[in-house]
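Working notes for the structure below.
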Amino acid sequence: MTGEGRTRLNRLPEWAALGKHREQLGEPHLRELFAADPTRGTDLTLRVGDLYLDYSKHLVTGETLTLLRELAAATGVAELRDAMFRGEKINTTEDRAVLHTALRAPRDAVIEVDGENVVPGVHAVLDRMGDFADKVRAGEWTGHTGRPIKNVVNIGIGGSDLGPAMAYEVLRSYTRRDLTLRFVSNVDGADLHEAVHDLDPAETLFVVASKTFTTIETITNATSARDWLLTGLDAGQEAVARHFVALSTNAEKVEEFGIDTANMFEFWDWVGGRYSYDSAIGLSLMIAIGPERFREMLDGFHLVDEHFRTAPPEENAPLLLGLLGVWYGNFFDAQSHAVLPYSHYLSKFTAYLQQLDMESNGKSVDREGNRVDWQTGPVVWGTPGTNGQHAYYQLIHQGTKLVPADFIGFARPVDDLEPGLVAQHDLLMANFFAQTQALAFGKTPEEVRAEGVPEELVPHKTFRGDHPTTTILADALTPSVLGQLIALYEHKVFVQGAIWNIDSFDQWGVELGKVLAKRIEPVLTTGEGAEELDGSTAGLVAAYRSLRGR
Ligand SMILES: O=P(O)(O)OC[C@H]1O[C@H](O)[C@H](O)[C@@H](O)[C@@H]1O
């Protein structure tokens, strides 16, 4: 389907106005912007729920922000947002509604898809999940031999892994430490091996998470896990019911696999995989943190949903973050975006955002099927900040690339830290504040010289500054704050997709590799069909077969 839908982005007068403004701005200097406006550091801030956002260290003036908001208005961001919240089928290439916001809507909300209110179904599943999680946590859900469950192994990949795995790390201090939770995603047998080799099958529950229940990695791992279980228990198929539950939209396939659909927790095709960990896909997380904490997390999501839906453009945080990304990607040619959390618990946060952002906005065809001639989604990357400081921050400070970055930190460490370790928190946060300061304001050659540095070293010790950052500060890393953060990023990604006029909710780009892998696998085992491969792949397959002695 190709055609003329919306006016092409780069033909809009608002786009041209931004381009002109960018030229006039030249090289904006944060030192000057701050000097000219003594209250910039407190004016360019927002508070959303428990999140305090400082965007003063961005290469923007008041005019930049106005022009960006005009672009959002001209590209219909608010209209598309409202259509999403209403349950319209804005995922046009898959003809689906996009309603992850319904997963955290209050019980009495009414959100319709094809004339049916989906909210009661959401809460019915949440209630069932809660009952099940409570039973496992209380030791009432027993395995085939009557022993209580002590280990939960989530088997899933992509959106059926990254969300719960990330959130489990984030909320570690809220988890039941006597329950072991592990995540298996990779089809590399080593992943499952490492996850189960020290577990007792009699005390192990497998949570098979797959929206489609056809994903080859997940079904393969689940099949191997079932073999491991039945061999370990020396039991037949009847043991599966107490040790396997499924999280899926596909009851037929779940049944085919041999899991009783009574042990299936459903969700719906209007929940995208990368937007799903607050659906049934969060079951393993719920077992770890308990239903009450899970609901607090959902309330956090909902709080930011409501903010995004109702806050005026000047105060709308996801809109602002989305627009800043457009500003750098499209007008400074920034290619990547770093997310740098200053919390050990957020170690998987950026990996989660990679799928959320890059699978959503890694597109080069617009909603009408025309090739875009503007940059779309950035490469998202990053690891916890202090570690990064001793590794790749060099490039951010002094390299040739512009890397806009989000710094995420918390005022209080988690509650159960030993007093001696609590004392380390100020040092952690001192680094957090120091880095954005250094990135923004740098160090001039004059300042370097004043320290008596020999002239030949002055260029090497100079920091240009003007590296833009957003600082997101919250009181503490609670379930609600996690929900708020994720919703903030979900809607930021939404805003950018809306402006770029791409479908942020499909993922056709993952299909080709799947099809080819299916074709290549038999060639690896039998050698037959190698002649149909391209020259490079045929050579690689031959080398592989020879190394395997085939
Ligand atoms: O949940 P599943 O259906 O098993 O899908 C798992 C993942 O694999 C797919 O290939 C998609 O790229 C992801 O968006 C999805 O989250």
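Because the structure is predicted, anything quoted here is derived from the model rather than measured. In listed order, ligands and their atoms are each counted from 1.
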Considering both backbone and side-chain atoms of [X], is one of its nitrogen or oxygen atoms within less than 3.5 Å of a nitrogen or oxygen in ligand 1?
X      : result
Gly159 : yes
Gln507 : no
Glu359 : yes

Cationic N near anionic O, under 4.0 Å, Asp127 to Arg295: yes
How does Thr212 reach ligand 1, by side chain, by backbone, by both or by neither, if only non-hydrogen atoms under 4.0 Å count? both
Is the ring centre of [X] less than 6.0 Å from the ring centre of [Y]?
X      : Y      : result
Phe265 : Phe132 : yes
Tyr277 : Phe301 : yes
Tyr489 : Tyr352 : no

I'd like to know if Glu217 contacts ligand 1, where contact means a heavy-atom distance under 4.0 Å to any ligand atom. no
So is Glu511 close enough to ligand 1, meaning a heavy atom under 4.0 angstrom away? no
For [X], atoms of ligand 1 separated by under 4.0 Å from a heavy atom:
X      : result
Gln355 : 13 (C), 14 (O), 16 (O)
Val510 : 10 (O), 12 (O)
Ser160 : 1 (O), 2 (P)

Tell me, which protein residue and heavy-atom name are nearest [atom], and how many Å apart are they?
atom                   : value
atom 5 (O) of ligand 1 : Thr215 OG1, 3.5 Å
atom 7 (C) of ligand 1 : Ile157 O, 3.7 Å
atom 9 (C) of ligand 1 : Lys514 NZ, 3.6 Å

Looking at every heavy atom in both Ser347 and Pro384, which two are closest together, and how far apart are they? CA-CG, 3.8 Å
Could you tell me how the ring of His491 sits relative to the ring of Phe308: parallel (under 30°), tilted (30 to 60°) or perpendicular (over 60°)? parallel
cation_pi(Arg81, Phe494) dist<6.0 Å, angle<=45: no
Using the six-membered ring of Phe257, assess whether NZ or CZ of Arg226 lies under 6.0 Å from its centre and within 45 degrees of the ring axis. yes
